[in-house]
Protein chains: 2
Amino acid sequence: MAAERRGGVTISQVAEAAGVARSSVSRAYTRPHMLSPETVERIKMAAERLGYVPNHTARALSTGRHGNVALIVPDVANPFFPPMIRAAQVEADRSDFCVFLGNSDEDPEKEDKLLGRFAGQVEGIILASPRLSDERIVAHAALRPLVLINRNVEGIPRVLIDSGTGIGEATAHLAELGHRNIVYVSGPSTSWSNKQRRAAVRKAAGERGLDLSFVSASVPSFEAGLQAVDAILAKGASAAIAFDDVTAQGILAGLAARGIGVPKDFSVVGCDDALGPLTVPALTTVSSRSVEAGKLAVSLLMEMLQSQALRDASYVLETHLIVRGTTGRAPGQ
Amino acid sequence: MAAERRGGVTISQVAEAAGVARSSVSRAYTRPHMLSPETVERIKMAAERLGYVPNHTARALSTGRHGNVALIVPDVANPFFPPMIRAAQVEADRSDFCVFLGNSDEDPEKEDKLLGRFAGQVEGIILASPRLSDERIVAHAALRPLVLINRNVEGIPRVLIDSGTGIGEATAHLAELGHRNIVYVSGPSTSWSNKQRRAAVRKAAGERGLDLSFVSASVPSFEAGLQAVDAILAKGASAAIAFDDVTAQGILAGLAARGIGVPKDFSVVGCDDALGPLTVPALTTVSSRSVEAGKLAVSLLMEMLQSQALRDASYVLETHLIVRGTTGRAPGQ
DNA sequence: CTATTGCGTGCAACCGGTTGCATGTCAACC
DNA sequence: GGTTGACATGCAACCGGTTGCACGCAATAG
């Protein structure tokens, strides 16, 4: 009721109102079993009446526990991340933690700066698809609990999305549909995920004796996909697997512009399931598991915070092909 | 050098090393002009040698300034928000502020809880498309600086995206293409944006003597759009304006399933430009201005923090129609 | 009936800074 | 030469909680 002007009802005010010492008020919240039930009740009543909310900052100062974690991603607006962010947020909430969000703009230096900026006010950090060097990551990890997503650094707890399994399935799927000549449209050369996807498609294509070519879309974007179409067609392929869904959509747009029907004349597979069944025809793609990754990373971090033991854990999430509407039998089959 | 085990070199240690009082060390950082240049130099040297970093939490406790703001959205994964979040993040960073991100899950109660949770550790809050009641919003705004996005509450600084202008243009655009019978597929009835859009389409259709019907997709989603198609066709319309892009994509999928060609046989307009030109055919839609809104909200908040004057500002961002590939001449024209 | 145990509570120090006020020093001024 | 004032620095209280320890009291054991 009586909301003071500074928005600050303090523990002292509650103590006075309840006729107890400040320490008792504190304990009513942090160690209720130390107090008699009636006292706890009385304190909570008074607190309620005054609109008392414990001050996190003050608590953090004396305990060293902030109840905050940081999540740093290269680009919030990249559709791959929002579901992950959301999942992380929800999971953190379950442990009553707040989430700081950082956007590195795909820039290693900015990432480094953010890490330093957050360092003072969080208990742990989650780095998703970092662009930072291994050394810097290791350095930060030494200072405080840190979990990686989609980056494989020995000795640091990490969650890896193995898009390789899904890409393998995609290749097999295309082979079954009778495609003999396919293209992999690759993403950023520094990306761990791209290396993994490229290797997976090569392996699977080799096993099935498919003709495989590569076309590079160095930046994964709609534009890049659009511009890759000529190169793809020049290879004589009847199907393409793209680094991600956005690139795949660019390829689809380019094919449509040339009057090439999908999936009748050409098949396209995306990766990451960033768009869901939203498009027409719905994109055949590889599931991303980004939701699980976000959730798992947070719960991993929570565990690390509880038991200071920072064991070297590496969780791998396998992916699978989601067949929708952009793949079909090879022409002439 | 001597990084203590707890990562914590304190002001006292620096003071002792430099042979000054704690207060002088503090001033060396916050008010250097109060000290003699030599003293400042000596202190900074000592701090450097010990690896001292000011403790954000402690500073916040005594000054009340955390250097943090909170951003609360209904759903991080809704493609409307990520660009806004990113813009807010970038703008906050310019003032060296960190951003807490909250996800209310479209739930008023959770929103209220988050607000309380953040209250203690941020200087200001941005509430985007809140689902909370006006009273609760006013109550929170009384406690600390708060800026609204897409919610019109008298007396509270707000940034409003006026999708009405764009929707009006869309209606005019359809009229010019010869459509005489159109449908507006509405979103959540409690949404301020929905009311605004509905009013705009009614006004514009009235001015041009178009037949207008309403179909309700109470939750804005792909599924809802898909299921609205029968109702839309039953109205005998040749074009639809959807509450948002995701709903529009659902409608497109439904039309495709019935073999109805877009834009040849039917025209569809989305709203919010959440997908960009990504889809095939690319969706004609209304620009969202969500990036500007995020940026503006943060800079507004920063101003409020500087000059405690919380004047009642209301910024309106107009929107415009973006014509792409899902609108064409009415059949038989 | 006294000694022991144990529970509920209060006292006071502490977390790491910030800041109003007091003190000390020295140069300038009358 | 004594007074004034500006300037540099230190002292100590404070921000709002947490927590080790001591105290008082009641129940139990001897």
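All chains are named by letter (A, B, ...) in the order of the sequence lines, taking the proteins before the strands, and each is independently numbered beginning at 1. Please read these numbers as outputs of a predicted model, since none were measured by experiment.
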Side-chain ([X]) to main-chain ([Y]) donor-acceptor, under 3.5 angstrom:
{"X": "B/R117", "Y": "A/D96", "answer": "yes"}
{"X": "B/R131", "Y": "B/S129", "answer": "yes"}
{"X": "B/R158", "Y": "B/I156", "answer": "yes"}

Scan residues 31-42 of chain B against DNA chain C and write down, sorted by residue number, each residue with any heavy atom closer than 4.0 Å; if none is found, say none.
B/R31

Using a cut-off of 4.0 Å on non-hydrogen atoms, how would the nucleic acid contact of [X] be classed: base, sugar-phosphate, or nothing?
{"X": "A/V20", "result": "sugar-phosphate"}
{"X": "B/Y29", "result": "nothing"}
{"X": "A/T10", "result": "sugar-phosphate"}
{"X": "A/T30", "result": "sugar-phosphate"}

With the side chain counted from C-beta on, respond yes when A/L50 and A/Q13 share a heavy-atom pair under 4.5 Å apart, and no when they do not.
yes

May I ask you to evaluate whether A/S24 reaches the phosphate of C/dT9, defined as a side-chain N or O under 4.0 Å from OP1 or OP2?
no

5'-most contact on DNA chain D: A/A58 or B/R22, nearest heavy atom basis?
B/R22

In this structure, which one of B/N55, B/T57, B/N68 forms a side-chain hydrogen bond (donor to acceptor under 3.5 Å, both in side chains) with A/Q121?
B/N68

Below 4.0 Å from chain A heavy atoms, what is the first contacting nucleotide of DNA chain D and what is the last?
D/dG16 to D/dG20

Determine, for A/R94 against A/E91, whether the closest basic-nitrogen to carboxylate-oxygen distance falls under 4.0 angstrom.
yes

Trace of the side chain to side chain contact (heavy atoms under 4.5 Å, CB included) decision for B/S290 with B/D272
CA-CA 8 Å; B/S290 67; B/D272 287 347; over 6 Å; no

If the condition is salt bridge (charged side-chain N to carboxylate O under 4.0 Å, His left out), which residues does B/K195 pass it with, not counting sequence neighbours?
none

